[in-house]
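Since the structure comes first, as structure tokens, the remarks are kept for the end.
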Amino acid sequence: MPAITSSAPGKIILFGEHAVVYGQPAIAAPVMEVRARAIVTPLIGQPSNSIQIQDPAFDLENSIKDLPLEHAISRSIELTLKELGVTSHPAFKLQLSSTIPLAAGMGSGAAISAAIIRAVSTFLGASLEDEIVNQITYEIEKIHHGTPSGIDNTVITYQLPIFYIKGQTIEMIELQHSYDFVLADTGLKSSTAITVGDVRKAWEENPDKYNALFEACGDIALEARLTLNTADRQKLGRLMNENQKLLQEMDVSSPELDLLCEAALDAGAFGAKLSGGGRGGIMIALVTKENSQEVSDALMAAGAVNTITTCLGAQNE
Ligand code: MEV
């Protein structure tokens with residue numbers, strides 16, 4: 001049995017985070033420059049069903065038996081075996097690694113799950129279809145986030161930009177134009193479970209205010225979906241700035257994120273906003289190929305710990 005390697009990308013939310021949890025549309029895209037990886041290798045001479053896990057990022061070097069049952073890695077494997085109807089399998093080692101920043105709103109948890117599910121199922125001779133990988137990854141997201149909308153696991157599984165409404169058919173966006181982004185990491189770890197929980201509390205206390213904010217985010221996402229067809233980057237940038245204002249009103253931005261957004265705009269970005277759960281993690285800025293380096297430099301000077309430049313859509317426009 002040969003070793004099997006699978007990987008899955010990071011992601012950004014272009015429009016509509018948080019509101020998407022409440023049924024509003026949102027737009028997300030994969031970030032191929034960063035990836036989570038899972039390698040499965042047979043463990044010759046070990047008893048059937050033994051699984052060794054290595055995940056240096058979490059100092060993990062264990063037998064799966066030593067992990068709690070509710071651990072995301074154990075659950076990813078357990079649900080994959082269940083889906084395949086496998087009750088006995090050859091011993092294997094699962095090595096995990098990732099270049100996706102952790103707790104930064106880039107979907108590192110969902111990407112690791114998707115990579116595990118693909119690597120383990122392929123190792124056992126039955127690669128699972130995207131739809132099933134997506135379903136299992138969503139189950140694991142519930143461990144991470146409690147009440148996820150499903151947008152993260154979907155964009156990470158299909159590795160394409162998506163227009164997403166919870167519970168509806170997923171729309172893959174075929175971009176006819178290219179869009180350049182600089183992503184900047186505040187370096188502040190932020191738990192999506194906490195920000196999503198805080199927004200829920202605030203919504204319960206003030207439903208009228210929050211429903212209006214969610215609807216306004218949904219309108220922006222709808223408008224952005226149409227604008228993506230036109231290559232009107234000025235307008236797309238304006239929509240990002242409007243979305244950022246709504247996220248500030250939802251109390252999920254932070255002084256660090258606001259500062260980075262301002263720095264990007266001052267350096268010539270069309271628009272800038274936080275991306276993901278907020279209160280830390282990353283922000284994104286829509287730029288041109290020509291000014292991406294200048295914006296990236298400005299973000300580093302304003303306190304970002306790292307930047308990533310990525311391009312979505314038609315590369316030869
Ligand atoms: C996290 O990437 C996006 C949120 O909207 C949570 C979710 O949709 O599950 C904050």
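FYI, the numbering just counts along the sequence from 1. Every number for a ligand or one of its atoms is a count from 1 in the order of the listing.
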Original post:
Any Lys/Arg nitrogen of D251 or K201 sitting under 4.0 Å from an Asp/Glu carboxylate oxygen of the other?
Top reply: no
Original post:
Is it true that G276 lies under 4.0 Å from ligand 1, counting heavy atoms only?
Top reply: yes
Subject >> Residues E242 and K273 bridged, charged N to O under 4.0 Å >> reply: no
Subject >> For atom 7 (C) of ligand 1, closest protein heavy-atom neighbour >> reply: S149 OG, 3.4 Å
Subject >> Electrostatic pair K142-E139, nearest N-O below 4.0 angstrom >> reply: yes
Subject >> Where ligand 1 meets I151 - atom numbers and elements under 4.0 angstrom, heavy-atom basis >> reply: 8 (O)
Original post:
Is it true that D198 and R279 make a salt bridge, defined as a side-chain N closer than 4.0 Å to a carboxylate O?
Top reply: yes
Original post:
Which heavy atom of the protein is the closest neighbour of atom 5 (O) of ligand 1, given with residue, atom name and distance?
Top reply: H18 N, 2.8 Å
Original post:
What atoms in ligand 1 come closer than 4.0 Å to a heavy atom of P148?
Top reply: 9 (O)
Original post:
Going by atom types only, do S253 and D258 share a side-chain donor-acceptor pair under 3.5 Å?
Top reply: yes
**OP:** Find all atoms of ligand 1 within a distance of less than 4.0 Å from any non-hydrogen atom belonging to D152, and give their numbers and elements.
**Re:** 1 (C), 2 (O)
Subject >> Enumerated ligand 1 atoms positioned under 4.0 Å from heavy atoms of V20 >> reply: 5 (O), 8 (O)
**OP:** Considering only NZ, NE, NH1 and NH2 on the basic side and carboxylate oxygens on the acidic side, decide whether R225 and E171 come within less than 4.0 Å.
**Re:** yes
Original post:
With a 4.0 Å cut-off on heavy atoms, is E141 touching ligand 1?
Top reply: no
Original post:
How about N291 and T288: does a side-chain donor come under 3.5 Å of a side-chain acceptor?
Top reply: yes
**OP:** Provide, to 0.1 Å, the distance between atom 2 (O) of ligand 1 and the closest protein heavy atom, together with that atom's residue and name.
**Re:** K11 NZ, 2.7 Å
Subject >> Close approach, H145 and ligand 1, non-hydrogen under 4.0 angstrom >> reply: no
Subject >> Subset of ligand 1 atoms that lie under 4.0 Å from at least one heavy atom of E17 >> reply: 5 (O)
Original post:
Thinking salt bridges, do R75 and E78 make one under a 4.0 Å N-O criterion?
Top reply: yes
